[in-house]
Amino acid sequence: MRMIHEGGERVDEITLATVAKATSCLVALEPGKQIHAHVIKTGYSLDLCVISGILDMYIKCGDMGSAHTVFSDIPAPDDVAWTTLISGCLENGDEGRSVSIYRQMRQSGVQPDEYTFATLVKAASCLTALEQGKQIHADAIKLELSLDPYVATSLVDMYAKCGNIEDAYRLFRRMDVRSIVLWNAMLVGLAQHGNAEEALDLFRVMKSNNVVPDRVTFIGVISACSHFGLVSEAYEHFSSMQRDYGVEPEIEHYSCLVDALGRAGRVQEAEKLIASMPFEASASMYRALLGVCRVQGDTETGKRVAEQLLAIEPSDSSAYVLISNMNAAANQWDAVNDARQMMKRKNVKKEPGFSWIDVKNKVHLFMVDDKSHPEADLIYDKLEDLMKRIGEEGYVPDTEFVLADVEEEEKERALYYHSERLAIAYGLISTPSSAIIRVIKNLRVCGDCHNAIKYISKVYQREIVVRDANRFHRFRNGSCSCGDYW
DNA sequence: CTAGGGTTAG
């Protein structure tokens, strides 16, 4: 900065590019703007290295408005400039825009490189857009960039996150040089799918290949144990992590362990562990425990945990929702109303549940009771037919999962139109009968839908993969890969 | 001389 102001020394494009990068690392918008002004004044804004440094600076500072302006002023953006913008949209949570900017990039004739694909595949992974991800993969293969270590890791993660663990594995096996990040992506993918044994096997293979596990590896390993109910193994890995690998436990590791205890129903032990941590408790830990209390119907402990959660996050809608769910399950409708009143008073909004499905390269999103889809009539007919058929097969609606105090029959209908069922009904009518139906839901799948989907997989002989906020459920012939443990 | 953009967890 002194160089700029004093003006005596030679400030060339290399210096400016370097300074712009330094500024973007510091995430300092004001000095960044000064450098930008100086770049314009001295005419260096036509230099691609300098201007993409400036672009990155705005992105890192979260000023996407300025970033788009800077980009649109670049006369002929090269691969680096395009990739910077694509990764900027991703970093700022606008993954859809990353993909559409990629399309513009292709139209402009600039060839993407391995950096572009690593970023872009991650965007598809965040969007859980399998079809788009596959298409991007195909592009990468055409340009012979799909086996780049970063691209391949992104692809493994993308396939795993989109519920296609087989393709993730296939790609993983093809890689003859495997970085720790690649191992971790595969391991975490397996853990999220509830394939705990495979995840733990992979962990052993990894160690026998002399790959040293790191902090992320242990997050995967402990969460694999957690998903499989292996509490003592979780504890063992937790202590081995420090003892054998010098990885200090972080709040994320505690969080996995708390989760493992909770899922095993050992809520009080989990509370003790939280109290003994060298960290402040996180809201997500209490949220996990609250979910356990609800599944177990332990209203007393649930209330205590909910209070602890609200002490950290007073406007956490999930606390209120879980409290009111528990009370609804116990038929304590006064308490349900109290929780609702309190939400109103504190102006806490319930996070709306929605599910989506990727059909023919297009994402179809459904809310509860949603009739906005162009094929809504067909979908609701299918749903009607479907509910009749699974009823004949023995499905009984469990109205415990309805949040309102309404009559029984009405309660049943409220369950019919949960967003995941709409998405599955659409999947049934819009995909070939042999295709796997893959649905993603932003919240945790409800117990009744979980049960209904088991029946649907049996009656229609369809494999259905549902990714909820927590993990994957793979429904086949009437049962789920989670073993009803989630 | 050759700057500026990339992967796993939460």
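Computed from heavy atoms alone, side chains included, the values below leave out hydrogens, waters and symmetry copies. Lettering follows sequence order; numbering is per chain, from 1.
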Of the listed nucleotides ([options]), which one gets closest to any side-chain atom of [X]?
| X | options | answer |
| --- | --- | --- |
| A/Ile14 | B/dT7, B/dG5, B/dA3 | B/dA3 |
| A/Val151 | B/dA3, B/dG10, B/dG6 | B/dG6 |
| A/Val216 | B/dA3, B/dG6, B/dT8 | B/dT8 |

Hey, does [X] reach any base, or is it just sugar-phosphate, or nothing, if we go heavy atoms under 4.0 Å?
| X | result |
| --- | --- |
| A/Thr84 | sugar-phosphate |
| A/Val188 | sugar-phosphate |
| A/Ser223 | nothing |
| A/Leu48 | base |

May I ask you to verify whether the side chain of [X] and the base of [N] hold a donor-acceptor pair under 3.5 Å?
| X | N | answer |
| --- | --- | --- |
| A/Ser52 | B/dG4 | yes |
| A/Asp78 | B/dG4 | yes |
| A/Ser154 | B/dT7 | no |
| A/Asp47 | B/dG4 | no |

TODO: Identify whether the distance between the nearest side-chain nitrogen and carboxylate oxygen of A/Asp139 and A/Arg106 falls below 4.0 Å.
DONE: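 So A/Asp139 pairs with A/Arg106 through a salt bridge.
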
TODO: May I ask you to decide whether A/Arg97 forms a salt bridge with A/Glu91, counting only side-chain N to carboxylate O separations under 4.0 Å?
DONE: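 Looking at A/Glu91 together with A/Arg97, the answer is no, because their closest N to O distance does not fall below 4.0 Å.
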
- [ ] Give, for atom CD of A/Glu271 and atom CZ of A/Arg304, the distance between the pair rounded to the nearest 0.5 Å.
- [x]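 That separation rounds to 4.0 Å.
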
N or O in side chain of [X] less than 4.0 angstrom from [N] OP1/OP2:
| X | N | result |
| --- | --- | --- |
| A/Lys60 | B/dG5 | no |
| A/Lys21 | B/dG4 | no |
| A/Lys161 | B/dT7 | no |

Task: salt bridge (charged side-chain N to carboxylate O under 4.0 Å, His left out) partners for A/Arg263, two or more places apart - done: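 Per chain and number, A/Arg263 pairs via salt bridge (charged side-chain N to carboxylate O under 4.0 Å, His left out) with A/Asp259.
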
